[in-house]
*Asks:* 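Pasting in a structure now, in structure tokens, and then I'll have a few things to ask.
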Protein chains: 2
Amino acid sequence: MKPTIYDVAREAQVSIATVSKVINDSGRISDKTKQRVIAIMEKMKYQPSVVASALTGKQTFTIGLFIPDLANPFFAEIARYVEDRAQENGFSVVMCSTDHNIEKESKYIELLRQKRVDGFILASGFINDEILKELIEEKFPVVMVAQDFPTRTMDSVSTDDFFGGYVVGKHLLELGHKSIGVLAENWKAGTLELRWSSIERLRGIRQAMAEAQVPFHEEHLVICDSSVESGRASSAKFFEGKSGPTAIFATNDVLAIGVVQAAREHKKKLPDDVSIVGFDNTLLSTIVEPRLTTVAHPMAEMARKAMELLLNRMQDKDRMSSRIILPPELIKRDSTRPL
Amino acid sequence: MKPTIYDVAREAQVSIATVSKVINDSGRISDKTKQRVIAIMEKMKYQPSVVASALTGKQTFTIGLFIPDLANPFFAEIARYVEDRAQENGFSVVMCSTDHNIEKESKYIELLRQKRVDGFILASGFINDEILKELIEEKFPVVMVAQDFPTRTMDSVSTDDFFGGYVVGKHLLELGHKSIGVLAENWKAGTLELRWSSIERLRGIRQAMAEAQVPFHEEHLVICDSSVESGRASSAKFFEGKSGPTAIFATNDVLAIGVVQAAREHKKKLPDDVSIVGFDNTLLSTIVEPRLTTVAHPMAEMARKAMELLLNRMQDKDRMSSRIILPPELIKRDSTRPL
DNA sequence: GTGAAAGCGCTAACAG
DNA sequence: CTGTTAGCGCTTTCAC
């Protein structure tokens, strides 16, 4: 059996209180007994039980990370960074893939609360506003990441999507493009309603175009589901007529890859005939041919800030919430070219 | 505050023992009080504390999943499947990215054992044989997945790499290729020592060639690090002379993508001039142009079996260990063509 | 059927 | 400085 605090107390000829004190480096104990106890603990390979200490009101040093799907490289990357930051602070992260499924979300939340995790990081679309509200009202530590959710006041850190779209516009304009198409992602498969990030990205590129006095043609906006296949099918429209756009901004890399495939099917030469830019700077963007010009999220910084916010929130549930918005960066690669 | 077992006991006018019994559906209680207690629990939104019950010797219903890196699509996919199976059985999974780093492994193991997780699933290369040995000796529930480790007897489920390589060979041979190159992955960056899976895959293709009486030229075996870049650089060798192979088997998709890039740099037409096949059937293989012929692991089944083994092991630490080897499947796409 | 009571391993006053 | 003691929320005999 694993040794308990009693075992080391007996070995060290002290009380369990003393041992507890050296474990937590609290209270006052002579350096001598402290050293002795430490030595004994090492000798016995004693590991304090997080379970027991959690029961006495301490933390479990575990957080839940909610994302839609680990198999999506964008979210996997977020998960990776969050895990690193958590680990650094002594926290474990339990993965919760929600598949954008409202019931899975609730179940996970419930389960993890039974396990007394210390907080949640939500990188999922988090559809269940009801539960979110409950969490916030109970002052349960929660931070939203990579997903702005303007309807609730809570801690969050996200990318400046508007600025990202704006920068893409600037880039394309500088390259001389005057006819620009946008392939944007809907909120939910099958609908025509854009998701928040796409709305912002679109607004950004529009702004850039407006500033340059280049008109945006509404028929050059196409909305589709978030998959390569949907992107491919939906963007065919851009290549059919002869008056198609000379540049296309897809609001994420997955869609952009669909555009690349469609362009190729329509015998377009890339990037000569048409420039394409994506968003997210996922692994995929370096794999497609041509390598995608795209917008990179400040992933590392986002994860760091998110963990920071969560830690702060955990120690002071009443602090004011902050909404942090970080600027993304345009990564120029081979899929864009001067007109 | 969250209600405790005392709160519901008081409400229901019974003892906490009784409540405990209805929670665990153990002991004997009249149906009447049982229903009453259940009703009260629901009314109060009572959730038993996993922490407290874990302290009394019950499980924590949490497992640790070790993988080298979540940002690698192959491992992300494994993680996804494992998470699903775990969730199904009421378990949470905490992610442990080890980066093939022996110290990170140890730290995570230690941390999770302090947290009294119920078991580990190891999909990481798991370098630290020392700790592995300790775990096994202590009869701590552990199963290895997607990674055969023939030096220890333990529960494991993996892909039949030999058969995978064999099938690739058959396919290429059927297509008429007689000159086949292999790009294989080393165990650790910079070395020339193959990792176990690559050894097996190589052995498989060799076997197929031997059976067909097609010689394998040793200079057609190239060993490199596991990255697109290394694959690209190392495979240049295949395209330089004029007597290069007409087909190349890369022992994983990442390498295969490197090969595709190198081929393109050398003005080879794909798949006309050279056929390429990968391994793993990651997301990437459908993104490259041409879409990669590759070998798919029975991911879903692997994860299911792994969870099954772990569950079994948890309830009987002394059962005989089983090593399960599942057959992979060749996925024919556009990167291979008859000679 | 039901409940009293003794822990599980640890923390946090509170005495000494 | 160090030890005693009362919990934390739940499980599990063992009486009644």
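Basis for what follows: all heavy atoms, side chains included, without hydrogens, waters or symmetry-related copies. In what follows, chains are A, B, ... by sequence order, proteins preceding strands, each numbered from 1.
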*Asks:* Check DNA chain D against residues 107-114 of chain A and give the residues with a non-hydrogen atom under 4.0 Å, in numerical order.
*Replies:*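 Contacting residues: none.
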*Asks:* Assign a letter to each nucleotide of nucleotides 10-16 of chain C from its 5' end: B, base within under 4.0 Å of a protein heavy atom; S, sugar-phosphate only; -, no contact.
*Replies:* BBB----
*Asks:* Quick one: list whatever passes side chain to side chain donor-acceptor pair (under 3.5 Å) with A:Glu88, sequence neighbours left out.
*Replies:*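 By the side chain to side chain donor-acceptor pair (under 3.5 Å) rule, A:Glu88 matches A:Arg85.
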*Asks:* Please name all residues satisfying salt bridge (Lys or Arg N to Asp or Glu O under 4.0 Å) with A:Lys188, sequence neighbours left out, ordered by chain then number.
*Replies:*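 Listed in chain order: nothing, the list is empty.
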*Asks:* Charged N to carboxylate O under 4.0 angstrom, B:Glu103 versus B:Lys107?
*Replies:*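 Salt bridge flag = no for B:Lys107 with B:Glu103.
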*Asks:* Send over the distance from B:Lys34 NZ to C:dT2 P, rounded to a whole Å.
*Replies:*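 These atoms are roughly 11 Å apart.
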*Asks:* Give the angle between the helix axes at the two ends of the helix from C:dG1-D:dC16 to C:dG16-D:dC1, taking five base pairs at each end and rounding to 10°.
*Replies:*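 The end axes of the helix from C:dG1-D:dC16 to C:dG16-D:dC1 are about 40° apart, to the nearest 10°.
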*Asks:* For B:Thr33 and for B:Leu55, locate the closest nucleotide of DNA chain C by heavy-atom distance; then report the residue assigned to the nucleotide nearer the 5' terminus.
*Replies:*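 Comparing both residues, the 5'-ward one is B:Thr33.
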*Asks:* Before accepting this row, confirm whether a basic side-chain N of the pair A:Asp7/A:Lys2 lies closer than 4.0 Å to the acidic partner's carboxylate O.
*Replies:*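 No, no charged N to carboxylate O under 4.0 Å.
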*Asks:* Using salt bridge (Lys or Arg N to Asp or Glu O under 4.0 Å) as the criterion, list what pairs up with A:Asp118, not counting sequence neighbours.
*Replies:*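 For A:Asp118 there are no salt bridge (Lys or Arg N to Asp or Glu O under 4.0 Å) partners, ignoring immediate neighbours.
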*Asks:* Go through DNA chain D in 5' to 3' direction and return only the first and the last nucleotide with some atom under 4.0 Å of chain B's heavy atoms.
*Replies:*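 Listing 5' to 3', DNA chain D meets chain B from D:dG9 to D:dT12.
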*Asks:* Suppose we screen for salt bridge (Lys or Arg N to Asp or Glu O under 4.0 Å). Which residues come up paired with B:Lys133, at least two apart in sequence or across chains?
*Replies:*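 Applying salt bridge (Lys or Arg N to Asp or Glu O under 4.0 Å) to B:Lys133 gives none.
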*Asks:* Suppose we screen for salt bridge (Lys or Arg N to Asp or Glu O under 4.0 Å). Which residues come up paired with B:Arg113, at least two apart in sequence or across chains?
*Replies:*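 B:Arg113 satisfies salt bridge (Lys or Arg N to Asp or Glu O under 4.0 Å) with B:Glu138 only.
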*Asks:* Sequence neighbours left out, what passes side chain to side chain contact (heavy atoms under 4.5 Å, CB included) with B:Asp84? Give chain and number order.
*Replies:*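 By the side chain to side chain contact (heavy atoms under 4.5 Å, CB included) rule, B:Asp84 matches A:Lys104, B:Arg80.
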*Asks:* Hey, could you give me each pair passing ring pair (Phe, Tyr, Trp, His ring centres under 6.0 Å) that has a residue in residues 32-61 of chain A? Not counting sequence neighbours.
*Replies:*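 Sorted pair list: A:Phe61-A:Phe91.
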*Asks:* Which residue, A:Leu122, A:Leu65, A:Leu112, A:Ile109, forms the side-chain contact (heavy atoms from CB on, under 4.5 Å) with A:Cys96?
*Replies:*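 One option only clears the test, and that one is A:Leu112.
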*Asks:* Do B:Arg36 and B:Val14 make a side-chain contact, defined as non-hydrogen atoms from C-beta onward lying under 4.5 Å apart?
*Replies:*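 B:Arg36 vs B:Val14: side chains touch.
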*Asks:* For C:dT2, does either OP1 or OP2 sit under 4.0 Å from a side-chain N or O belonging to B:Thr18?
*Replies:*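 Checking C:dT2 against B:Thr18, no side-chain N or O comes under 4.0 Å of OP1 or OP2.
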*Asks:* Would you give the length of the straight line joining atom CE of A:Met314 to atom CG of A:Leu311, rounded to the nearest 0.5 angstrom?
*Replies:*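 That separation rounds to 4.5 Å.
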*Asks:* Could I get the full list of ring-ring contact (aromatic ring centres under 6.0 Å, His included) partners for B:Phe140, not counting sequence neighbours?
*Replies:*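 B:Phe120.
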*Asks:* When you measure from the side-chain N and O atoms of B:Ser30 to the phosphate of C:dT2, is any distance below 4.0 Å, counting only OP1 and OP2?
*Replies:*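 Affirmative; the distance criterion is met.
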